[in-house]
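Along the sequence shown, residues are numbered consecutively beginning with 1.
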Amino acid sequence: MRIILHIDLDYFFAQVEENLNPSLKNKIVVVCVFSGRTKDSGVVSTSNYKAREYGIKSGMPIYLAKKILKDKEAVFLPVNHDLYEEISHQIMELLRNFADNFEQVSIDEAYLEITKRVNKKFEEAQKLAKLIKESVFEKEGLTCSIGIGPNKLLAKIGSDLNKPNGLTLIKSSEVKDVLSDLPTEKLPGVGRKYKKILDNEGINTIGELAAFDVNNLKLLLGKKIGERIHRASLGLDDEPVKEELPKQFSKIITLKEDSDNFDNVSNSLNGLCGDVWSTIKDEGFNFKSVGLIVVGDDLKIRTKSKTLSHPIVNKEDIIRITKDLLKELLEEGTNLKIRRIGVKSYNLVKDLDQRSIDSYL
Ligand code: TTP
Ligand code: MG
């Protein structure tokens, strides 16, 4: 038997903004990714729970959110990604210390296997989860929601059930009671595509999914996915909690204006390379490959990359390489007008030297 926690910070970006400026706490707050093209182009990144009462959601166009909230006193803020990354990093390092095994899954989410630490006892796990919530609040002033279960699946479902500031335990014996009436899309792995297929079959709840013949489900969704979703509907999941090395780091921006001029475009590479470089160094990696990503005004994506035989050791090298790649791309003479440009680094290796130095500090 395993005991696993899933931790998800509540309205993360918006909660950070509220902490930064406490006068926002009673207001409707919408954090936006402004694309910079026109005043309101872009999408909602996230919003606080007051905004959600009006149906404001991640991914919604900003103009639509503004329309819905036009008679309300709402605050629209631009994302401050560096700040959220930094706070996320601090919290993840804190959480890691509470786990036997740790796996970060997104900027504000992680799984902690705590089986050994709590002697396989759910009551102990609840105490530890409370302690974790207190520690995160004390250190960063943020609330989170925690799900506890015998596997990742039930922990994840649990963390979502009583948001915000929730703490929810789902034991195997409670699966039927807790899951049966939930809509199928609450099951991790059932995205929009599969939900549609299930809806067509009249399967709307997880209980109905669990009662559906597994062989017919495999015919509908494919063998592997059908099997996995059937098991999930019964609360079963064997996925281990394990830390994965990231495969790449990248950053992409939209230019203020489409351009085919090398000087105009290459200027933005200094900042992009600087950002990718500092993220990688902060995370303790080296890398051997650099890629340039370009989206044209035709919205087609073009990439060019270079792999070296040894890790890249200074920021100027990545700037020089991406500028060379940009030059090559523009010289290919395809009338390319660049709309978005990005830099990625991959073929990562752990920067052991840096880690060992850090650990002595
Ligand atoms: P989520 O955990 O999905 O959302 P949340 O933390 O804002 O709210 P909840 O209380 O429901 O957990 O995502 C974490 C952050 O990731 C979120 O604060 C902003 C960012 N994000 C986007 O920028 N775009 C998106 O479409 C989503 C879903 C999240
Ligand atoms: Mg969250």
Side-chain angles (χ1 to χ4, degrees), residues 1-8 10-12 43-47 49 51-61 64-65 68 103 105-111 113 122 145-164 166-242 244 299:
M1 204 268 282
R2 298 183 295 162
I3 299 189
I4 290 167
L5 305 184
H6 179 257
I7 302 182
D8 189 315
D10 299 322
Y11 63 109
F12 179 40
V43 293
V44 170
S45 167
T46 193
S47 61
Y49 278 73
R52 293 184 198 189
E53 286 170 21
Y54 299 95
I56 306 303
K57 286 192 183 123
S58 296
M60 178 182 266
L64 184 58
I68 293 171
E103 179 181 346
V105 272
S106 77
I107 192 165
D108 82 332
E109 251 181 294
Y111 289 104
E113 170 152 18
F122 278 116
S145 294
I146 302 188
I148 309 173
N151 55 42
K152 287 165 83 170
L153 177 97
L154 292 175
K156 166 107 178 149
I157 294 175
S159 74
D160 192 45
L161 275 185
N162 293 304
K163 260 187 168 295
L167 175 53
T168 310
L169 164 65
I170 309 177
K171 293 185 192 171
S172 297
S173 58
E174 297 163 347
V175 164
K176 241 193 175 146
D177 284 346
V178 181
L179 268 55
S180 290
D181 293 336
L182 296 178
T184 52
E185 67 265 26
K186 288 278 176 192
L187 204 60
V190 177
R192 222 183 293 164
K193 180 171 143 202
Y194 298 135
K195 176 180 154 46
K196 219 168 161 188
I197 299 174
L198 296 173
D199 281 351
N200 279 339
E201 294 298 311
I203 306 171
N204 300 308
T205 64
I206 298 178
E208 287 163 357
L209 184 57
F212 193 74
D213 180 71
V214 58
N215 289 317
N216 286 338
L217 197 63
K218 285 188 199 166
L219 289 176
L220 280 176
L221 305 178
K223 209 167 157 214
K224 225 168 139 185
I225 291 172
E227 172 77 27
R228 183 159 53 78
I229 288 188
H230 172 70
R231 282 173 50 78
S233 71
L234 301 172
L236 301 171
D237 163 41
D238 299 325
E239 279 298 303
V241 174
K242 63 169 193 292
E244 298 216 351
L299 298 183

Is there a side-chain contact between Asp238 and Arg231 in this structure, where contact means two heavy atoms from C-beta onward sitting under 4.5 Å apart?
yes
Under the 3.5 angstrom rule, does the side chain of Glu174 hit a backbone N or O of Lys171 as a donor-acceptor pair?
yes
Kindly indicate whether the side chain of Leu217, heavy atoms from C-beta on, has any atom under 4.5 Å from the side chain of Leu198.
yes
Report the distance from atom NZ of Lys218 to atom NE2 of His230, rounding to the nearest 0.5 Å.
8.5 Å
Could you pull out the closest heavy-atom pair between Ala232 and Leu187, with the gap in Å?
O-CD1, 3.7 Å
Going from OG on Ser233 to CZ on Arg228, what distance comes out if it is rounded to the nearest 0.5 angstrom?
12.0 Å
Provide the closest heavy-atom pair for Ile68 versus Met60 in the form atom of the first, atom of the second, distance.
CD1-CE, 3.9 Å
Identified side chain to side chain contact (heavy atoms under 4.5 Å, CB included) partner of Ile229 from the options Thr184, Ile206, Val190, Leu220
Val190
Are any non-hydrogen side-chain atoms of Glu109 and Phe12 less than 4.5 angstrom apart?
no
Does Asn151 use its side chain to pair, donor to acceptor, with the backbone of Arg2 at less than 3.5 Å?
no
Min side-chain heavy-atom separation Arg52-Thr46 under 4.5 Å:
yes
Are the side chain of Thr205 and the backbone N or O of Leu182 linked by a donor-acceptor pair below 3.5 Å?
no
For the student: nearest non-hydrogen atoms of Asn204 and Glu208, plus distance
N-OE1, 2.6 Å
Side chain to side chain, Ile3 and Ile148, heavy atoms closer than 4.5 Å
yes
Test item: Val44 and Leu64 side chains (from C-beta on) under 4.5 Å apart, heavy atoms
no
So, taking the atom named CG in Leu5 and the one named OG in Ser159, what distance separates them when rounded to the nearest 0.5 Å?
10.0 Å
So, Lys152 side chain and Pro240 main chain: donor-acceptor pair closer than 3.5 Å or not?
yes
Is there side-chain contact between Glu201 and Asn216, with heavy atoms separated by less than 4.5 Å?
no
Any Ile170 side-chain heavy atom under 4.5 Å of Leu161 side chain:
yes
How long is the gap from CG on Asn162 to OG on Ser145, to the nearest 0.5 Å?
8.0 Å
Could you tell me which non-hydrogen atom of Val214 sits nearest to which non-hydrogen atom of Glu227, and how far apart they are?
CG2-OE1, 4.3 Å
Any sub-3.5 Å donor-acceptor pair from Asp237's side-chain atoms to Leu153's backbone N or O?
yes
Residue pair Leu221 / Tyr194: nearest heavy atoms and the distance that separates them:
CD2-CD2, 3.6 Å
Output for pair (Lys196 NZ, Glu185 CD), nearest 0.5 Å, gives 14.0 Å
Smallest separation among heavy atoms of Pro164 and Tyr49, with atom names:
CD-CE2, 3.7 Å
Are Lys195 and Asp199 ion-paired here, with the side-chain N under 4.0 Å from a carboxylate O?
yes
Rounded to the nearest 0.5 Å, what separation is found between the CD1 atom of Ile146 and the NZ atom of Lys163?
10.5 Å
